[in-house]
Colleague: 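Here's a structure for you.
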Amino acid sequence: TFERNTALRQGGGVFTQRTANVIGGSFDCNFAGRPDNLGGPPYETSASGGAFYSDDANVTIARQTSPALGPVTMFTNNRATNGGAISFTATAERKVYEAQFFGNRARNVGGAMFAQNAANLALGFLNFGGPNAGEGNFAENSGGACYFQNFNKSDQPQVLGCRFEA
């Protein structure tokens with residue numbers, strides 16, 4: 001579990017430039033940028049990935065494969081300028097399966113997730129938001145749930161079985 005962590009630039013909970021596998025777990029109330037309660041501007045302009053930031057690293061985020069199929073990975077109430085919960089940049093393989101995103105916020109784009117120049121992005125069976133007030137993800141400019149930018153035509157994100165709720 002990653003809770004109440006802060007990084008002034010990227011990855012309030014985790015920053016990786018190497019291969020990373022996240023199996024289950026919880027990311028709650030992490031910040032990339034300066035949280036309001038620390039004084040100063042609330043977000044650095046380059047702050048990305050409130051809970052998780054990956055720069056040119058292969059990443060898999062998935063559900064536990066134990067006999068009981070443990071809990072899905074949860075991203076709740078994370079904050080950043082871009083990608084309130086997750087930010088992926090540069091060309092590497094990124095897979096996110098069976099995760100939930102609730103109440104994440106971005107000062108600019110990608111309330112829950114931001115991906116830029118990220119070839120080989122696969123998203124499957126994700127839940128963005130929920131039926132109750134305050135469970136949705138929010139971006140002040142674009143992509144309340146997800147914002148994808150600068151993909152080649154041959155490297156379009158693959159999105160399968162995802163649910164988007166306000």
Side-chain angles (χ1 to χ4, degrees), residues 1-35 38 40-63 72-124 126 128 137-160 162:
T1 299
F2 295 86
E3 291 184 39
R4 297 180 192 95
N5 299 289
T6 301
L8 293 181
R9 298 267 180 214
Q10 287 94 13
V14 173
F15 175 96
T16 184
Q17 290 181 308
R18 302 268 186 217
T19 298
N21 294 305
V22 177
I23 309 301
S26 173
F27 293 82
D28 188 18
C29 295
N30 297 289
F31 295 90
R34 187 179 301 276
L38 292 181
Y43 298 90
E44 301 291 327
T45 57
S46 63
S48 297
F52 192 96
Y53 179 87
S54 167
D55 179 27
D56 203 19
N58 293 330
V59 172
T60 299
I61 299 173
R63 166 179 259 187
V72 298
T73 305
M74 300 285 297
F75 294 89
T76 55
N77 302 315
N78 299 289
R79 307 281 186 268
T81 299
N82 297 313
I86 294 177
S87 180
F88 293 135
T89 62
T91 58
E93 186 173 289
R94 289 15 184 293
K95 300 174 184 174
V96 184
Y97 300 122
E98 296 187 271
Q100 296 183 354
F101 298 83
F102 298 116
N104 299 289
R105 297 178 66 87
R107 181 75 149 210
N108 187 27
V109 296
M113 185 182 299
F114 170 74
Q116 175 180 352
N117 301 322
N120 302 313
L121 175 64
L123 308 176
L126 306 177
F128 293 94
N137 300 286
F138 175 81
E140 289 186 21
N141 285 319
S142 301
C146 299
Y147 186 88
F148 305 135
Q149 111 182 3
N150 298 339
F151 283 86
N152 295 324
K153 288 183 180 181
S154 62
D155 291 329
Q156 295 296 312
Q158 298 174 12
V159 179
L160 173 67
C162 296

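Count residues from 1 along the sequence.
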Colleague: Quick one: side-chain hydrogen bond (donor to acceptor under 3.5 Å, both in side chains) partners of N117, sequence neighbours excluded?
Modeller: none
Colleague: What residues, two or more places apart in sequence or in another chain, satisfy side-chain contact (heavy atoms from CB on, under 4.5 Å) together with D55?
Modeller: Q17, Y53, T89, A90
Colleague: Which residues pass the side-chain hydrogen bond (donor to acceptor under 3.5 Å, both in side chains) test with Q158, sequence neighbours left out?
Modeller: none
Colleague: Strictly distance-based, threshold 3.5 Å: is any side-chain N or O of R94 a donor or acceptor partner for the main-chain N or O of L123?
Modeller: no
Colleague: Hey, does F88 have a side-chain heavy atom less than 4.5 Å from the side chain of V96?
Modeller: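 Yes, close enough: below the 4.5 Å cut-off.
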Colleague: For F101, what residues pass the ring pair (Phe, Tyr, Trp, His ring centres under 6.0 Å) criterion, not counting sequence neighbours?
Modeller: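 Listed in chain order: F75, F128.
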Colleague: Please give me the minimum heavy-atom distance between A106 and G83, naming the atom from each residue.
Modeller: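 Scanning both residues completely, I find the closest heavy atoms to be CB-N, 4.1 Å.
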Colleague: Ignoring hydrogens, what is the shortest heavy-atom contact between G50 and A80? Give both atom names and the distance.
Modeller: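 What the structure gives for the nearest pair is N-CB, 3.5 Å.
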Colleague: For G49 and S87, which heavy atoms make the closest approach, and how far apart are they?
Modeller: N-CB, 3.4 Å
Colleague: Once rounded to the nearest 0.5 Å, what's the spacing between atom OG1 of T76 and atom CD of Q100?
Modeller: 10.0 Å
Colleague: Nearest 0.5 Å, please: how far is SG in C146 from CG in L121?
Modeller: 8.5 Å
Colleague: Using side-chain contact (heavy atoms from CB on, under 4.5 Å) as the criterion, list what pairs up with Y147, not counting sequence neighbours.
Modeller: V109, F114, S142, Q149
Colleague: Strictly distance-based, threshold 3.5 Å: is any side-chain N or O of N108 a donor or acceptor partner for the main-chain N or O of N82?
Modeller: no
Colleague: How long is the gap from CZ on R79 to CZ on R107, to the nearest 0.5 Å?
Modeller: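 These two atoms lie 11.5 Å from each other.
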Colleague: Which residue is it: I86, N78, N77? I am looking for the one with a side-chain contact (heavy atoms from CB on, under 4.5 Å) to N104.
Modeller: N78
Colleague: At their closest point, which heavy atom of A139 faces which heavy atom of G110, and how far apart are they?
Modeller: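 Looks like CB-N, 3.7 Å.
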